[in-house]
Amino acid sequence: MNLESLNEAARSGEVPVLPFRTRTPSDLKWTVNELAAVKGEIEHIDREVTRLKQRRARLLRMAKALSTVTQVIATEVHPAAVEPVHAHTRYGGRGNLRKYLRETLKAAHPGAVPTNILAEGAAQVFGLRFSSCQERARFADNNLGNALRRMCARGEVERLHDYAGLPTMSGVWRWKTPTPSLDELRKEEAVAGQRQEEDSWR
């Protein structure tokens, strides 16, 4: 709106509407983003709760049917006396965590991989969610750390760190290739010599 239009609006008694721009404060923007993230997490939890309730109902029906069958084929076994067995389902099955570690360290060989990087990869592969940084650190130190230490004891991996007394330091691990025996080295040397001799006649 130019000056002449403003003067005309003033003479006619009209109040001009001027364009007005506002800038969203950074604290308000952060608050809105956090609120949206929290609402999204709540929706995710609600979906998981619904799914788990449905799964629990199916399992209860299955347990009831299996209890009935047990009483029919083995009257001496009381279903209530059967102790529950907790299956390894967190990583999709037994041994999947060690399989992930083997494949990751083999792919990185001869390079090494820190524990925190292995933890980040495991969280993505298995869809793990952590409520805090402390929970993520416990997963890296306990779950991953125990698996890596067992693999190290079996000679599958080697640790390239020595952080005794420094628990905040991330470990570094590398896939350990088997050391060839003296006979294997001699065979490799003989094969290499034969190849050189064959190449010299070509």
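The figures that follow rest on heavy atoms only: side chains count, while hydrogens, waters and symmetry mates do not.
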Which atom pair, heavy atoms only, marks the closest approach of [X] to [Y]?
X	Y	result
Ala123	Phe130	CB-CE1, 3.8 Å
Asn96	Phe126	O-CZ, 3.6 Å
Asp27	Thr31	O-OG1, 2.7 Å
Met151	Trp175	CE-CZ3, 4.3 Å

The test is side chain to side chain contact (heavy atoms under 4.5 Å, CB included); show your working for Leu144 and Leu97 and say whether it passes. CA-CA 8 Å; Leu144 274 185; Leu97 180 60; 3.7 Å; yes
Enter the distance from Leu128:CG to Asn143:CG here, rounded to the nearest 0.5 Å. 8.5 Å
Once rounded to the nearest 0.5 Å, what's the spacing between atom OG1 of Thr68 and atom CD1 of Ile73? 11.5 Å
Should Arg102 and Glu156 be marked as a salt bridge (Lys or Arg N to Asp or Glu O under 4.0 Å) after you check the CA-CA gap, both sets of side-chain angles, and the distance that decides it? CA-CA 8 Å; Arg102 290 189 186 102; Glu156 295 183 76; 2.5 Å; yes
Residue pair Glu48, Arg129: steps toward the salt bridge (Lys or Arg N to Asp or Glu O under 4.0 Å) verdict: CA-CA 13 Å; Glu48 283 296 299; Arg129 290 177 175 271; over 6 Å; no
Run Lys176 and His109 through side chain to side chain contact (heavy atoms under 4.5 Å, CB included) and show every step you take. CA-CA 8 Å; Lys176 188 175 181 180; His109 189 270; over 6 Å; no
Step-by-step salt bridge (Lys or Arg N to Asp or Glu O under 4.0 Å) determination, Glu158 to Arg174: CA-CA 5 Å; Glu158 56 182 341; Arg174 182 172 63 190; 2.9 Å; yes
Sub-4.5 Å side-chain heavy-atom contact between [X] and [Y]:
X	Y	value
Leu101	Val157	no
Pro79	Gln71	yes
Arg47	Glu43	yes
Leu148	Leu105	yes

If you count the non-hydrogen atoms of other residues, nucleotides and ligands that lie under 6.0 Å from NE2 in His78, is the total more than 12? no
Mind running side chain to side chain contact (heavy atoms under 4.5 Å, CB included) on Arg98 and Arg154 for me, showing each step along the way? CA-CA 12 Å; Arg98 288 193 300 272; Arg154 289 194 295 266; 3.6 Å; yes
Salt bridge or not for Lys106 and Glu103, using N-O below 4.0 Å? no
List the steps and the verdict of side chain to side chain contact (heavy atoms under 4.5 Å, CB included) for Trp173 and Val113. CA-CA 5 Å; Trp173 306 86; Val113 185; 5.8 Å; no
Is a side-chain N or O of Thr115 found less than 3.5 angstrom from the main chain of Ala140, in a donor-acceptor match?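 Not at all, since once roles are kept as given, no pair shorter than 3.5 Å links the two residues.
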Keeping the roles fixed (side chain from Tyr100, backbone from Ala122), state whether a donor-acceptor pair exists under 3.5 Å. yes
